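Just below is one structure, and these are the notes that go with it.
Quick caveat: nothing in here was measured; it's all calculated off a predicted structure. Just follow the structure's listing: the first ligand is 1, and inside any ligand the first atom is 1.
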Amino acid sequence: MSQLRIPGMVDAHVHLREPGATHKEDIYSGTVAALAGGVIGVLDMPNNTPPIVRPDRLAAKRKLFEEKAVADYGLFAGSDGTSLEDVIAMAPHAVGLKLYLDETFGDLRNYEPAHLAALFEAWPGPGRIAIHGESDSIRAAISLAERYGQRLHVCHVPDPDDLLVIDAARQRGVDVSCEVTPHHLLLSDEAILRLGSLAQMKPPLVTERKRALFWERLDLVDLIATDHAPHTLEEKAGKKPPPGVPGLETTLPLLLAAVDDGRLVLERLMELVYYGPLRIHQLRAPDDTEVTIDLDEGRYTLERGGYRTRCGWSPFEGVAALGRIARVRLRQCDVFVDGQVRAEAGSGAPLARAG
Ligand code: DOR
Ligand code: ZN
Ligand code: ZN
């Protein structure tokens, strides 16, 4: 029996949809999907309904995680561009501040330039300011981070050329980290012809040429995060399909196939999906935690359906994968064994701050 034992994945970018859109996903179904994918911790985004832009909303969401999560977690605070005080009050309780600088799913976006600068000036940390933004917004955010000495994280880098901009900023001494998604690494705009709205997300898939450049420049990337953004098949089939794709259950098997292909080595994979996320977001690895992956089946191709995420589908249909998650041990407990969840709702814990 051939098995691989790793510390697991920490997914620094997920949307578990609770509160507000639990028909797409909820904290329990989303963290079950996490365990099924070998993900032992998730960092959840604030574009809920209502959005997490006030301390009472962050506290209420934390309470829901305390009651329902089966994987460990951290929560991002958000801003709707109104109250600076509310954002500052959330800082000690959040893993970071997520700002939406360009259009995507949800209502959090388009801050007045003066308010955006004030946010960069006032955010007290200790978490980073993480941004959703297209190339122009990334440049603007880097300038603000530079001006105010703020630590910045660029979510789902939209274009491989942005990696060069980020790298140049680092050379100037700006503390800027970044993530890429599995879909930008493994799917290109060809998938839109094949899958239609199921392959639509923000930022959108890029050309085959740019996809190859993401791999060539992977050394400039701090971490891989899924941007797990479930929407139902009905919503995706509608007139105005919402952007976003799920990813929690598919990322490790997809990237293990990439290791098998010789595109990256296992140590670098673990840096990208585990040590990198913990380091960048200053989190402590949970004790006595291990994911066992069964390799006996060899390579296989992913299916469109049959997942634990409530939305039930994957855009990676037909893509090569390797390994089945056989067991997840989280803080001494076997929480997922042979496809069965053993953890009680609420057994997930907040990821502790490092240092
Ligand atoms: O495609 C996306 N979907 N990109 C985002 O930034 C948000 C996400 C969502 O929440 O659905
Ligand atoms: Zn985003
Ligand atoms: Zn997102």
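Taking atom 8 (C) of ligand 1 as the reference point, the nearest protein heavy-atom neighbour is A229 CB, 3.7 Å. Looking only at heavy atoms of the protein, atom 7 (C) of ligand 1 is closest to T104 OG1, 3.2 Å.
Shown in contact with H231 at under 4.0 Å from a heavy atom are these atoms of ligand 1, numbered in order with element: 11 (O). Close approach of ligand 1 to N47 is summarised as follows: ligand atoms under 4.0 Å from at least one heavy atom of the residue are 9 (C), 10 (O). Short contacts between ligand 1 and D227, defined as distances under 4.0 Å to a heavy atom of the residue, involve ligand atoms 4 (N). Near H156, meaning under 4.0 Å from any of its heavy atoms, are these atoms of ligand 1: 6 (O). Per-residue contacts place H15 under 4.0 angstrom from the following atoms of ligand 1 (heavy atoms of the residue considered): 7 (C), 8 (C), 10 (O).
Nearest heavy-atom pair, F76 versus A94, reported as atom, atom and distance to 0.1 Å: C-CB, 4.4 Å.
Ring to ring, H132 and F105 are not that close: their centroids are 6.0 angstrom or more apart. For H183 and H156, the distance between ring centers is not under 6.0 angstrom.
Comment: D161 engages R217 in a salt bridge, judged by a side-chain N to carboxylate O separation of less than 4.0 angstrom. With salt bridges taken as basic N to acidic carboxylate O contacts below 4.0 Å, none links D26 and K68. Between K63 and E67 there is a salt bridge, since a side-chain N of the basic residue sits under 4.0 Å from a carboxylate O of the acidic one. A salt bridge is absent between D86 and R57: the closest approach of a Lys/Arg side-chain nitrogen to an acidic carboxylate oxygen does not fall below 4.0 angstrom.
Within the structure, ligand 1 lacks M45 among the residues with a heavy atom less than 4.0 angstrom away. Not a single heavy atom of Q200 sits less than 4.0 Å from an atom of ligand 1. Residue contact annotation: H228 has no non-hydrogen atom under 4.0 Å from ligand 1.
Between the Zn ion (ligand 2) and C155 there is no N/O/S contact shorter than 2.8 Å. For the Zn ion (ligand 3), the set of nearby N, O or S atoms under 2.8 Å includes one belonging to H13.
Partner M9 forms a side chain to side chain contact (heavy atoms under 4.5 Å, CB included) with one of I40, L248, T226, L255 and no other, that one being T226.
The angle subtended at the Zn ion (ligand 2) by NE2 of H156 and ND1 of H132 is 90°, given to the nearest 10°.
Backbone and side-chain nitrogen or oxygen atoms of K202 are examined, and one is located within less than 3.5 angstrom of a nitrogen or oxygen of ligand 1. For ligand 1, the polar-atom distance check against F105 finds no nitrogen or oxygen pair separated by under 3.5 Å. For ligand 1, one of its N or O atoms has an N or O atom of P243 under 3.5 Å away.
Residue R17 touches ligand 1 through its side chain alone, judged by heavy-atom distances below 4.0 Å. Within the 4.0 Å heavy-atom criterion, both parts of M201, backbone and side chain, lie near ligand 1.
Other residues, nucleotides and ligands contribute only 12 or fewer heavy atoms inside 6.0 Å of the CG atom of D287.
If you take OG on S29 and CD on E18, they are separated by 8.0 Å, rounding to the nearest 0.5 Å.
Checked against the Zn ion (ligand 3), the N, O or S atom of D227 at the shortest distance is OD1.
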Worksheet item: For R128 and D175, what are the C-alpha separation, side-chain angles and deciding distance, and is it a salt bridge (Lys or Arg N to Asp or Glu O under 4.0 Å)?
Response: CA-CA 10 Å; R128 286 175 183 261; D175 188 344; 3.0 Å; yes

Worksheet entry | Criterion ring-ring contact (aromatic ring centres under 6.0 Å, His included) on F120 and Y148, from CA distance to verdict | CA-CA 6 Å; F120 270 80; Y148 294 109; 7.4 Å; no

